[in-house]
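All ligand and atom numbering here is 1-based and tracks the order in the structure. Along the sequence shown, residues carry numbers from 1.
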Amino acid sequence: MAPDASDPELRISAGAIRLRKGRVPVVCLTAYTYPVARLLDGHVDLLLVGDSVAMVLHGHKTTLGASLEMMIAHGQAVIRGSARACVVVDMPAGSYEATPRQAVASARRIVGETGCQAVKLEGGVTVAPQIAAIVAAGIPVMGHIGLQPQSVESDGGYKIKGRTEENVAALYRDAEAVEKAGAFSVVIEGTVETVAADLTRHISIPTIGIGASGDCDGQILVVDDMVGLTVDRVPKFVKQYADLRSVISQAAASYAAEVRSRTFPGPGHVFSAAADKDKERGGQRMSGDKNEWGQR
Ligand code: KIV
């Protein structure tokens with residue numbers, strides 16, 4: 001049965017995530033589509049419609065390929081596919097950096113058109129005015145510090161943060177700025193383990209780690225990495241809990257072989273002139289007046 005996505009009472013709120021600081025770890029995954037949101041909703045506390053969607057589903061080289069329209073379309077699908085998880089939608093590059101006013105307008109559009117619980121944006125000190133303005137407009141914000149994928153081109157690549165004294169000091173300034181601006185939680189990405197653990201102890205909002213520390217208040221992974229669907233290089237910090245690449249590839253090979261040998265479609269996958277004949281064959285999804293086409 002499709003989840004009742006319309007009842008906000010059923011959802012874990014951003015405020016409830018905020019209260020998890022130092023308690024039971026916050027379980028987060030990215031989700032970009034309706035079916036995946038349906039599969040994950042019962043297992044996680046928070047679903048992030050990350051701008052990683054531009055790379056993972058749309059084949060862009062970086063997250064800079066994400067647009068506001070793309071994020072809204074995927075946000076709507078994830079909201080439709082979930083009923084319980086707190087859904088956070090990423091603000092894409094170019095939608096918030098210019099001014100707090102631009103950030104509020106984009107955040108309002110994302111929340112208004114998707115019904116998500118919060119937005120996420122990358123940066124610390126430099127975007128603190130944007131975070132404060134969005135929060136003042138009544139929209140919860142998740143921060144994102146450490147390695148920031150929207151800045152990899154200007155940063156000269158995917159560089160781990162927290163390896164120099166200067167960099168550690170900047171991370172502290174960013175974490176404090178995001179906390180002070182009113183974010184309900186903050187993602188710490190690609191940061192030296194001990195630094196991420198210390199930052200977690202230093203600030204009062206939950207830290208969500210990715211390539212960070214087991215001491216963070218929660219963890220997040222890109223779902224396609226976690227289930228082994230990623231076709232290119234998988235980052236070191238990812239643990240693969242399944243190998244869906246092999247499953248899909250084997251299924252496609254079996255299908256191709258059966259089509260070529262004319263063993264698919266078999267008798268159970270075609271329609272006869274009389275509807276009851278299909279029933280006799282046990283083709284459940286093919287029979288019945290309303291559902292003969294097999295629609296769910
Ligand atoms: O876009 C994304 O998927 C993210 C996570 C990696 C935190 O920002």
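Under a 4.0 Å criterion applied to the non-hydrogen atoms of H144, ligand 1 contributes the atoms 8 (O). Close contacts between ligand 1 and G50 involve ligand atoms 1 (O), 2 (C), 3 (O) [criterion: under 4.0 Å to a heavy atom]. Which parts of ligand 1 touch T30 is read off a 4.0 Å heavy-atom cut-off, strictly below it: atoms 3 (O).
Inspection of the S95 and Q102 side chains reveals no N or O donor paired with an N or O acceptor under 3.5 Å. No side-chain donor from either of S82 and Y34 sits under 3.5 Å from a side-chain acceptor of the other. Of the N and O atoms on the side chains of R20 and S185, not one donor lies less than 3.5 Å from an acceptor on the other residue.
Summarising the geometry of T191 relative to L147, their closest heavy-atom pair is OG1-N, 4.3 Å, with the distance given to 0.1 Å.
Residue, atom and distance of the protein heavy atom nearest to atom 2 (C) of ligand 1 are S52 OG, 3.2 Å. The protein heavy atom nearest to atom 8 (O) of ligand 1 is K120 NZ, 2.9 Å. The shortest contact between atom 6 (C) of ligand 1 and any protein heavy atom is with I210 CD1, 3.5 Å.
For ligand 1, the polar-atom distance check finds no N/O of Y32 at less than 3.5 Å from any of the ligand's N/O atoms.
The option with the heavy atom closest to atom 1 (O) of ligand 1, from among V187, T63, D51, is D51.
Taking 4.0 Å as the cut-off, E122 does not count as a neighbour of ligand 1 on heavy-atom distance.
Clustering ILVMFWY residues whenever any of their side-chain heavy atoms sit less than 4.5 angstrom apart, transitively, puts V127 in a cluster other than the one holding V152.
Here L48 has side-chain heavy atoms under 4.0 Å from ligand 1, and that is the only part of it that gets that close. For D90, every heavy-atom contact with ligand 1 shorter than 4.0 Å involves the side chain, none the backbone.
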